[in-house]
Amino acid sequence: MDNNPKEPQYGFSPITPSYVPSQAKTSGKAIASLVLGIISLITLPLGGILFLGIIGFFSGIVAIVFASLSFKEIKRVQVRGRGMAIAGLVCGIVATALNVLAFVVSFVIGFTNAINNV
C-alpha cells in the first residue's frame, strides 16, 4: 500500500469545495413595474367598463413611477432588472397615453352629441 497523500485511497478524488458565485438580486421595483405595465395594457381594451379603465390608467402611472425608482435602485445598488424596468416603463407609457386618448375621444364624441341634441 502506497502512502502517497496526493492520490486518493479508494480510487476517487476527495470532494473539493467549489466557489459558486451568487447571482445578483433582481430589483423588486422592476418586477412590479413590468407586472403593472402588463396589467395596464390588458385592461386597455376593457376601458369601456369604467372601473377597469380607471384601473388600467392608474396602474400605468404606477408602472411608470416604479420603473423610474427601479432605474435609480439598479444604478445605486447594482441589482439586475434593467430590461424589466424598461419594458414596464414602455408598457406604462403606452397604456396611459392610449387611455388618455380614448378618454379625450369619448369626451369629444359625447360633447358633440350633446350639442347636436340641443
To the nearest 0.5 Å, how far apart are [atom1] in [X] and [atom2] in [Y]?
X    : Y    : atom1 : atom2 : answer
I86  : L89  : CD1   : CG    : 8.0 Å
I64  : I93  : CD1   : CD1   : 5.0 Å
F103 : I54  : CZ    : CD1   : 10.0 Å
T26  : I74  : OG1   : CD1   : 9.0 Å
T112 : N117 : OG1   : CG    : 9.5 Å
I31  : R80  : CD1   : CZ    : 9.5 Å

Is [Y] reachable from [X] through a run of hydrophobic residues whose side-chain heavy atoms are each under 4.5 Å from the next?
X    : Y    : result
F111 : L101 : no
M84  : I38  : yes
I115 : F107 : no

Over all atoms of both residues, closest heavy-atom pair of [X] and [Y]:
X   : Y   : result
F57 : T96 : CE1-CG2, 3.7 Å
G60 : S40 : N-CB, 3.6 Å
L41 : A95 : CD2-CB, 3.8 Å
G81 : A30 : O-CB, 3.3 Å
A67 : S33 : CB-OG, 3.3 Å
V79 : K25 : CB-O, 3.2 Å

Fill in: Close side-chain approach of L34 and F66, heavy atoms under 4.5 Å
no
Worksheet, complete the sentence: By side chain to side chain donor-acceptor pair (under 3.5 Å), S27 pairs with (sequence neighbours left out) E73
